[in-house]
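To start, the structure itself, in structure tokens.
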Amino acid sequence: MARGGRAAMSTPAPASVYRSGEGLGLWEHRGKVAAVGIGHSPTARRWDGKPANSVGGISLAALRGAIEDSGVDPADVDGLVMDPTTTTGAFWPQGKPLPWDAINAYERTDDPLDGITRLSAEWMLKNMPELTGVQFTRYGMGCMSSAICVAAQAVGDGRTHTCLVLKSWHNLEGRYYQGGANAGNAIPGSSAIRSLWGTPACFGTAVQFAEYCRKYGKSHDMMAPFIENSRNNGLKFPEGYWAQHRPEEITPEDYKAARWIAKPANLFDNDMPIMVSAAYLFTTAERARQLKQKPVYILNHASSRTRPRSLTPTLDEVEEDTARTARKIYEGAGITAADLSFENMYDGFALFHQFHIEGLGYRGIKFGEALDFYQTDISIGGPNPVSPSGGNIGCGRSRFWMHTDCIQQIQRRASSRQVTGVKPEVAVSGGPMPLGGNFTVWSSTPG
Amino acid sequence: MILVSFDIDGTLEEGDPPGILTMDFVRQVKGEGLLVGSCSDRPISAQRALWARHGIDVDFAVSKHMLGEVKASFDAEVYYHIGDREDLDKRPAEQAGFRFLWPHEAVAMPWTKTGSVRP
């Protein structure tokens with residue numbers, strides 16, 4: 001089998017794969033696809049130049065971890081869905097010598113930075129000779145949330161029966177967002193306004209949050225319990241950066257004393273770029289029942305593709321779209337907000353987490369009520385867990401902690417992070433943005 | 001009296017990334033009778049924990065943008081901030097009325113002893 005050649009044909013999944021419309025009814029594969037295995041690489045703040053710690057190297061570790069965790073024979077794996085981008089802001093500097101030692105430590109593709117600052121399916125398969133049966137590869141662009149939708153749909157459609165799902169992130173020395181296109185003299189399209197004369201990345205969210213506070217009479221200080229809870233949960237996530245390297249809490253005092261990045265977004269409302277990779281193994285419900293881990297069934301995947309009228313969505317647009325997304329999530333899964341055991345919506349930036357959960361109507365909260373909700377017991381031990389994964393705030397930038405957590409919670413192997421105030425039966429995770437995200441409903445039963 | 005503020009990440013050996021200044025260097029500066037503390041982007045509670053872990057009784061531990069408050073709180077003849085970033089250490093330090101030192105400059109100051117620098 002021409003593994004490399006076949007993988008080289010990998011393309012982004014077409015828009016039709018994503019369930020982005022309203023009124024689609026129950027997902028046709030509801031409860032027929034399951035996650036069974038999880039693999040995580042160790043984390044690091046930045047790449048240290050060693051081949052094994054390159055983004056390619058850590059991805060191999062994550063994939064092999066997921067295979068081992070699920071108990072499948074590598075030869076039985078017939079699909080690979082992944083995101084080929086591994087950064088949003090750490091690009092190899094122009095003119096800097098290429099790291100040939102690391103590049104040549106692995107089977108290469110035509111692109112020498114494949115495996116270093118990006119990742120193709122071809123590279124992965126060239127370096128995993130044990131995957132002899134892969135006949136389906138596809139890219140879910142952007143983040144794990146997207147790759148999950150693509151993989152779930154592919155398994156449901158019968159295009160692959162045992163599918164690895166991969167997302168990896170690299171980080172290099174130097175400042176984030178200062179390289180790549182941002183280092184050039186010109187940028188095409190609206191990115192010129194965002195980036196070339198740019199504001200910090202969190203600026204748009206900060207503007208929305210400022211309007212939120214004005215509209216509902218809330219304050220930035222009211223975010224402190226959410227941040228404290230997120231970091232506490234993250235410190236219970238052994239796979240996370242902060243738990244592994246810097247077990248630091250963020251107390252309300254710490255949070256309120258942090259410097260502004262784009263007021264009212266402060267330093268701890270932002271996440272920190274890291275090196276990390278995660279992989280899951282998806283299979284059919286029937287096959288999942290024969291494997292090592294308890295199956296976690298996917299009841300639905302849903303996506304938001306709403307385009308704002310201008311560069312930054314207004315608060316009205318955000319609220320309208322998160323409500324629309326929730327309707328899509330619930331309709332396809334055949335559930336209501338009352339069925340959610342907990343929520344794991346995205347948090348990087350922290351200041352938009354409340355948009356996600358207000359749209360969901362989690363625990364009955366309405367628009368403008370999430371910050372009051374944060375003042376109640378939102379811990380993993382209470383009846384209303386918020387972001388039990390700790391998210392990016394608690395674990396570092398990956399955009400996938402919430403998915404791993406949903407699977408682990410429902411499998412009841414979330415260690416000291418296991419929710420105890422609720423039975424972990426149905427959960428939702430996804431992101432990244434309130435406008436423009438992909439979401440998954442997970443369940444302990446097929447429905 | 002001299003006041004010395006230390007950045008942590010990229011400046012001290014305990015930083016992420018590690019810097020060239022050892023905790024012994026800080027201990028020695030403190031031992032000289034100077035006012036010593038940290039001004040970092042790390043959570044204040046984490047800064048305090050770091051100093052406590054190394055048994056160094058600092059005079060202050062604040063967030064990065066609070067150098068002005070440090071200056072207002074302590075009466076000293078000279079205020080130094082030692083850091084590794086132009087934008088996040090040097091500029092705000094000078095704006096707050098501090099003299100700025102890169103880590104390699106700090107070890108050459110008369111109020112330090114040589115030999116405490118991490119190889």
Side-chain angles (χ1 to χ4, degrees), chain A residues 43-49 53 90 171-178 198 200 223-224 227-232 234-235 240-275 350 393-394 396-397, chain B residues 5-20 23 37-54 58-73 81 83-96 98 100 102-103:
Chain A
T43 64
R45 178 76 173 93
R46 298 179 177 86
W47 183 38
D48 61 6
N53 298 333
N171 192 30
L172 307 174
E173 64 179 8
R175 296 193 61 191
Y176 214 72
Y177 289 131
Q178 304 294 306
M223 286 293 296
I227 298 289
E228 184 178 35
N229 178 67
S230 294
R231 180 57 65 84
N232 285 345
L235 293 178
Y241 174 83
W242 296 102
Q244 289 178 1
H245 299 282
R246 286 172 53 182
E248 301 168 355
E249 296 179 343
I250 304 178
T251 67
E253 180 203 14
D254 296 329
Y255 180 66
K256 293 171 189 175
R259 65 186 168 89
W260 300 118
I261 301 298
K263 194 175 179 179
N266 77 13
L267 185 69
F268 298 131
D269 294 316
N270 289 259
D271 53 356
M272 195 168 79
I274 57 172
M275 300 276 309
I393 299 301
R397 179 176 300 168
Chain B
S5 157
F6 288 89
D7 170 46
I8 296 175
D9 295 316
T11 298
L12 298 180
E13 64 176 337
E14 288 286 307
D16 180 8
I20 64 166
M23 301 310 276
S38 55
C39 182
S40 161
D41 272 338
R42 291 197 176 200
I44 292 170
S45 62
Q47 295 183 48
R48 290 178 184 145
L50 175 72
W51 294 122
R53 199 162 59 245
H54 288 274
V58 293
D59 298 290
F60 58 91
V62 298
S63 291
K64 199 88 149 193
H65 61 298
M66 298 168 74
L67 280 172
E69 293 174 37
V70 171
K71 190 162 188 280
S73 301
H81 176 67
D84 70 318
R85 290 276 295 266
E86 174 78 28
D87 54 346
L88 293 178
D89 289 301
K90 184 171 187 289
R91 198 180 311 153
E94 291 173 349
Q95 285 171 348
F98 279 63
F100 175 75
W102 300 104

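Scope of the values below: all heavy atoms of this structure, side chains included, with no hydrogens, waters or symmetry mates. Throughout, a chain's letter reflects where its sequence line sits, starting with A, and its residues are numbered from 1. Since the structure is predicted, the reported quantities are computational estimates derived from the model, not experimental observations.
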Q. Given side chains that start at C-beta, do those of A/Arg259 and B/Leu88 come closer than 4.5 Å, heavy atoms only?
A. yes
Q: Could you tell me whether A/Glu253 and B/Arg48 have a side-chain N and a carboxylate O separated by less than 4.0 Å?
A: yes
Q.
Looking at every heavy atom in both A/Leu267 and B/Asp41, which two are closest together, and how far apart are they?
A. CD2-O, 3.4 Å
Q.
Just so I understand: if I count every heavy-atom pair under 4.5 Å between each of A/Glu173, A/Arg46, A/Glu249, A/Arg45 and chain B, which residue has the most?
A. A/Arg45
Q: Output yes when a side-chain donor or acceptor of B/Ser63 lies under 3.5 Å from a complementary backbone atom of A/Ala257, and no otherwise.
A: yes
**Q.** Which atoms of A/Ala258 approach chain B - backbone, side chain, both or neither, heavy atom under 4.5 Å
**A.** backbone
Q: Name the region of B/Arg85, side chain, backbone, both or neither, that has any atom closer than 4.5 Å to a heavy atom of chain A.
A: side chain
Q | B/Leu50 vs A/Arg246 side-chain heavy atoms within contact, under 4.5 Å | A | no
Q) Tell me, do B/Asp16 and A/His245 make a side-chain contact under 4.5 Å, heavy atoms counted? A) no
Q: Sort A/Tyr255 into side chain, backbone, both or neither according to what part of it lies under 4.5 angstrom from a heavy atom of chain B.
A: neither
Q | Short N-O contact, B/Asp87 and A/Arg175, less than 4.0 angstrom | A | yes
